[in-house]
Amino acid sequence: MRSKRIPAEEQYRLIMECRQSGLTDHQWCVEHDIKPGTFYNWVKDCVRKVVWIYRRQLDAPIVHQKARKLSEWIFMILTRFLMNSH
């Protein structure tokens, strides 16, 4: 039987909880009864969404150069955090 679908917002919350727990991704998944493959699919999907949003921002005219730099910085930090597994 399939598990019920977890909404994207909940997936993101769980990813953040895992990454801040100090446990390896695998340990955290086992403790929370989540299949590691499912967890990594969530991470992959979340990173894809971040990249999509970032690219949309690059396509849109940004009036202020500082706004562009901030957007680039947020993208870099978020993707590094999401991709940083133990």
Q: Would you mind listing every salt bridge (charged side-chain N to carboxylate O under 4.0 Å, His left out) that reaches into residues 28-42, with sequence neighbours excluded?
A: none
(Q) Tell me whether Tyr40 shares a hydrophobic cluster with Tyr12, the cluster being built from Ile, Leu, Val, Met, Phe, Trp, Tyr side chains joined at under 4.5 Å. (A) yes
Q) Under a single-linkage definition using a 4.5 Å side-chain heavy-atom cutoff for Ile, Leu, Val, Met, Phe, Trp and Tyr, are Val47 and Ile6 assigned to the same hydrophobic cluster? A) yes
Q) Under 3.5 Å, side chain of Gln27 to main-chain N/O of Thr24, donor-acceptor pair present? A) yes
**Q.** For His32, side chain to side chain donor-acceptor pair (under 3.5 Å) partners two or more places apart
**A.** Glu17, Trp28
Q | Qualifying residues under side chain to side chain contact (heavy atoms under 4.5 Å, CB included), relative to Arg5, sequence neighbours excluded | A | Gln11
Do [X] and [Y] touch side chain to side chain, with heavy atoms closer than 4.5 Å?
| X | Y | value |
| --- | --- | --- |
| Cys46 | Ile15 | yes |
| Cys18 | Asp25 | yes |
| Arg19 | Met16 | no |

Q | Atom of Pro36, atom of Cys29 and distance for their closest heavy-atom approach | A | CA-SG, 4.0 Å
